[in-house]
Amino acid sequence: MLLDTNAIIEAWRVNGWKALAGGHTLETVETVVMETHTGFQRRRREQQIDQAVLKGSLRVVHAVSDIQRAELALTVPDIALDPGERDLWAHALGRRDAWVLCGPDKASLRVGVRLGFREQLVSLEALAETVGLRLTGKLREQFTTRWLSTALSAMVVAEGRNP
């Protein structure tokens with residue numbers, strides 16, 4: 001289960017991180033971990049992530065090489081990704097096992113649709129439901145299953161892909 005910065009921050013905000021980490025094998029990349037701490041002083045208290053807890057609850061924090069980044073850039077040269085999403089996709093493309101990716105960034109979702117990974121894109125709401133998580137706060141819209149379905153359908157049409 002690969003998570004981007006936004007998904008981690010939102011899971012933390014609604015007090016769902018411990019349950020997600022307890023019910024799923026969560027992984028990410030170094031850049032995402034760094035981004036979860038960047039700007040923390042401007043975030044609300046519930047969005048401030050304890051780095052020790054975060055790192056301790058992730059199964060693996062993957063390093064991403066410049067070669068992996070270059071391969072991604074050559075594969076989708078016209079999609080501008082934020083550094084965390086870029087590294088997450090650069091890592092994901094090299095995996096040979098089963099994986100899913102959780103993150104609502106539209107450019108990231110476009111990469112998934114274009115490269116044929118639509119079925120591996122999952123909402124934070126769906127992840128929470130699979131562990132029976134009762135959220136203490138309401139998820140922002142872009143983290144819901146409904147929003148993801150709508151966004152992916154629009155991207156499938158824009159990319160000229162079959163649903």
Side-chain angles (χ1 to χ4, degrees), residues 1-12 14 16-37 49 51 53-133 135 139-140 142-156 159 161-163:
M1 187 104 16
L2 300 170
L3 296 165
D4 81 354
T5 306
N6 294 317
I8 292 171
I9 292 170
E10 183 70 356
W12 206 276
V14 296
W17 182 257
K18 280 187 178 182
L20 284 176
H24 292 292
T25 302
L26 304 177
E27 302 179 23
T28 196
V29 293
E30 291 173 343
T31 309
V32 165
V33 170
M34 181 191 67
E35 286 178 348
T36 64
H37 197 62
I49 296 169
Q51 293 294 297
V53 171
L54 175 64
K55 289 179 183 177
S57 57
L58 292 166
R59 183 175 145 264
V60 180
V61 176
H62 299 278
V64 176
S65 70
D66 287 340
I67 291 172
Q68 289 172 297
R69 289 181 189 106
E71 288 171 351
L72 176 66
L74 291 172
T75 304
V76 286
D78 61 325
I79 300 176
L81 294 165
D82 291 333
E85 283 90 8
R86 176 203 62 209
D87 283 4
L88 203 56
W89 275 107
H91 165 74
L93 294 180
R95 291 183 75 119
R96 299 293 172 243
D97 60 345
W99 55 269
V100 295
L101 189 144
C102 178
D105 182 88
K106 285 190 175 182
S108 177
L109 297 176
R110 187 171 302 285
V111 170
V113 168
R114 183 173 297 172
L115 300 181
F117 296 113
R118 179 182 181 195
E119 298 303 317
Q120 287 160 266
L121 302 174
V122 63
S123 71
L124 186 59
E125 180 180 46
L127 294 181
E129 287 173 359
T130 62
V131 296
L133 177 59
L135 301 170
L139 286 171
R140 292 186 173 111
Q142 68 267 34
F143 296 97
T144 66
T145 301
R146 188 176 126 241
W147 181 90
L148 178 64
S149 177
T150 301
L152 289 176
S153 293
M155 287 178 197
V156 164
E159 290 289 322
R161 304 275 180 197
N162 291 328

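Every value quoted in this text rests on a predicted model; they were computed, and no experiment measured them.
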Using side-chain heavy atoms (C-beta onward) and a distance below 4.5 Å, is [X] in contact with [Y]?
X: N6; Y: F143; answer: yes
X: V32; Y: L3; answer: no
X: L101; Y: D4; answer: no
X: S65; Y: E71; answer: no
X: T5; Y: L88; answer: no
X: Q51; Y: T36; answer: yes
X: V53; Y: W12; answer: yes
X: E10; Y: V14; answer: yes

Got a sec, which pairs hit ring pair (Phe, Tyr, Trp, His ring centres under 6.0 Å) with one end in residues 57-76, sequence neighbours left out?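 For residues 57-76, and leaving out neighbouring residues, the ring pair (Phe, Tyr, Trp, His ring centres under 6.0 Å) pairs sorted by first residue read H62-H91.
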For this session: For residues 53-63, pull every pair meeting salt bridge (charged side-chain N to carboxylate O under 4.0 Å, His left out), keeping only residues two or more places apart or in separate chains.
Result: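 Every pair satisfying salt bridge (charged side-chain N to carboxylate O under 4.0 Å, His left out) with a residue in residues 53-63: E27-R59.
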Salt bridge (charged side-chain N to carboxylate O under 4.0 Å, His left out) pairs touching residues 75-87, sequence neighbours excluded, are R69-D87, D78-R114
For residues [X] and [Y], report the shortest heavy-atom separation together with the two atoms involved.
X: L58; Y: V61; answer: CD1-CG2, 3.7 Å
X: W147; Y: P104; answer: CH2-O, 3.3 Å
X: A90; Y: Q68; answer: CB-O, 3.6 Å
X: E125; Y: R146; answer: OE1-N, 4.3 Å
X: V122; Y: L148; answer: C-CD2, 3.5 Å
X: T145; Y: S123; answer: OG1-OG, 2.8 Å

How long is the span from the [atom1] atom in [X] to the [atom2] atom in [Y], to the nearest 0.5 Å?
X: S149; Y: R118; atom1: OG; atom2: CZ; answer: 6.5 Å
X: R110; Y: L121; atom1: CZ; atom2: CG; answer: 12.5 Å
X: L2; Y: C102; atom1: CG; atom2: SG; answer: 10.0 Å
X: R140; Y: I9; atom1: CZ; atom2: CD1; answer: 9.0 Å
X: L20; Y: K18; atom1: CG; atom2: NZ; answer: 13.0 Å

Could you walk me through whether I8 and L26 satisfy the side-chain contact (heavy atoms from CB on, under 4.5 Å) test, starting with their C-alpha distance in whole Å, then the side-chain angles of each, then the deciding distance to 0.1 Å, before giving a yes or no?
CA-CA 10 Å; I8 292 171; L26 304 177; over 6 Å; no
